[in-house]
Amino acid sequence: MLKGKTVVLGVCGGIAAYKAVEVVSRLVKCGAAVHVIMTAAAAQFVTPLTFREISGQPVYTTMWEEPKLWNVEHIALARRADLFVIAPATANMIGKIANGIADDFLSTTVMATTAPVLIVPAMNTEMYLSAATQTNLKILADRGFHLMKPESGPLACGTAGIGRLPEPAAIVGQVAAHFAIAKSLQGVRLLVTAGGTREAIDPVRYIGNRSSGKMGYAIAAVAAERGAEVTLISGPVALAAPSGVTRISVESALEMRDAVLAAFPTVDIVIKAAAVADYRPEVVADQKIKKQSASMTIDLIKNPDILAELGSSKSGQFLVGFAAETQELAKNATEKLCRKNLDMLVANDVTQAGAGFESETNIVKVFYQDGFSEQLPQMSKRELAAVLLDRVQQQRSKIDRN
Ligand code: PMT
């Protein structure tokens with residue numbers, strides 16, 4: 001996994017900095033090229049010489065030295081990294097990265113990298129649990145940074161609690177797992193739908209729903225990071241297209257249907273997180289409807305069920321539907337799974353706080369074709385996207401084996 005990979009390791013100033021020496025040693029033994037950047041505070045705990053000897057590479061501590069290997073070193077390192085790891089990451093460094101402060105070699109290089117970044121915090125329990133650190137970690141998680149949770153146990157400050165740097169073997173295990181998963185969807189073509197549709201009433205009004213697109217966009221982003229070729233068919237949302245994803249913007253259910261059906265024959269996996277309107281106004285007025293009588297009636301006609309159409313015509317595609325339920329979740333979910341001929345259905349009870357439309361997190365129960373179901377805890381939509389893609393990959397490899 002690690003042979004030939006370039007890992008840039010940022011070491012911050014904490015007592016756990018000594019454990020980073022073993023992290024470097026293990027990574028090097030596994031065949032990785034490791035470039036170490038130390039903050040000034042880290043150099044108070046362990047000498048740069050130790051890291052230089054273990055890594056066999058120059059160690060970076062300041063922006064202001066003569067270049068060692070390359071002309072603009074922080075940019076060169078930022079570009080060379082296959083993975084950026086910060087271990088131990090202090091509250092100060094986490095705060096700087098989350099808030100766009102680049103005032104030393106490490107924070108500047110992190111800002112310049114497009115490589116995935118794994119942050120491994122280590123600090124006193126109260127500092128770790130403080131609102132500032134937790135908010136900053138959340139910002140980073142939402143931006144796609146990978147976080148490794150600190151361990152609980154005795155701390156250097158004489159107390160015990162969460163905040164210990166995980167053991168070097170566990171950190172290296174996480175790095176190896178990252179490389180294993182990073183390209184796990186390479187060569188796979190994935191279609192994701194996201195956002196709500198708008199069904200026009202007249203030139204200025206529409207019937208819509210509360211979907212923000214966050215769930216579908218998170219899936220598209222994580223799938224692209226795993227190497228999939230991702231097409232994202234999106235209703236109108238206020239989100240930027242994730243990097244490496246081809247976005248097709250649509251407005252109505254009929255436009256979404258056309259775009260989905262056109263892409264369907266060329267993809268391997270479909271994940272339909274969009275909230276498609278079930279009905280649309282039968283007649284769309286050419287001009288803005290004037291205010292007249294005390295009430296008005298709009299006749300609605302049924303939209304095609306895009307997912308059901310895919311289910312009835314699929315030829316090898318793995319089909320994942322979402323279900324937004326307000327009651328009888330399991331009954332409705334299993335009915336949709338069967339009727340729409342899906343391989344997997346992700347059901348959210350949208351009445352729960354922290355679940356469904358617009359929220360940053362989701363709480364879902366996943367239903368599989370073999371009758372098995374799995375309740376997942378509340379997690380960010382990005383974390384959930386990763387878990388759902390893991391499940392899709394596991395299910396697909398089961399199908400391949402049979
Ligand atoms: O976008 P967010 O704010 O992050 O919110 C996420 C979400 C709540 C929108 C998402 O988690 C979700 O549940 N999406 C599906 C919402 C929905 O339309 O559920 P449904 O039970 O009405 O539809 C079931 C499935 O059929 C869905 O995959 C839907 O895309 C599909 N469908 C529905 C109607 C239709 N005419 N065509 C369809 O393809």
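Just follow the structure's listing: the first ligand is 1, and inside any ligand the first atom is 1.
Neither side chain, Gln186 nor Arg226, offers a donor N or O lying under 3.5 Å from an acceptor on the other. Under the 3.5 Å distance criterion, with hydrogens and angles disregarded, a donor-acceptor pair is assigned to the side chains of Asp349 and Thr351.
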Under 3.5 Å, sequence neighbours excluded: what are the donor-acceptor pairs made by side chains of residues 232-246?
| residue | atom | partner | partner atom | Å |
| --- | --- | --- | --- | --- |
| Ser234 | OG | Tyr217 | OH | 2.7 |

Check residues 38-46 and write down every donor-acceptor pair under 3.5 Å in which the side-chain atom is one partner and the other belongs to a residue at least two apart or another chain.
| residue | atom | partner | partner atom | Å |
| --- | --- | --- | --- | --- |
| Thr39 | OG1 | Gly13 | N | 3.4 |
| Thr39 | OG1 | Ala42 | N | 3.1 |

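Residue pairs meeting the ring pair (Phe, Tyr, Trp, His ring centres under 6.0 Å) criterion with at least one member in residues 102-145, sequence neighbours excluded, are Tyr60-Phe105.
Among Leu345, Leu319, Val346, Ile306, the one residue that satisfies the side chain to side chain contact (heavy atoms under 4.5 Å, CB included) test with Lys272 is Ile306.
The immediate protein surroundings of ligand 1, defined as residues with any heavy atom under 4.0 Å of it, consist of Ser211, Ser212, Gly213, Lys214, Met215, Lys272, Ala273, Ala274, Ala275, Val276, Ala277, Asp278, Pro304, Asp305, Ile306, Leu307, Gly321, Phe322, Ala323, Ala324, Lys336, Lys340, Asn348, Gly356, Phe357, Glu358, Asn362, Lys381.
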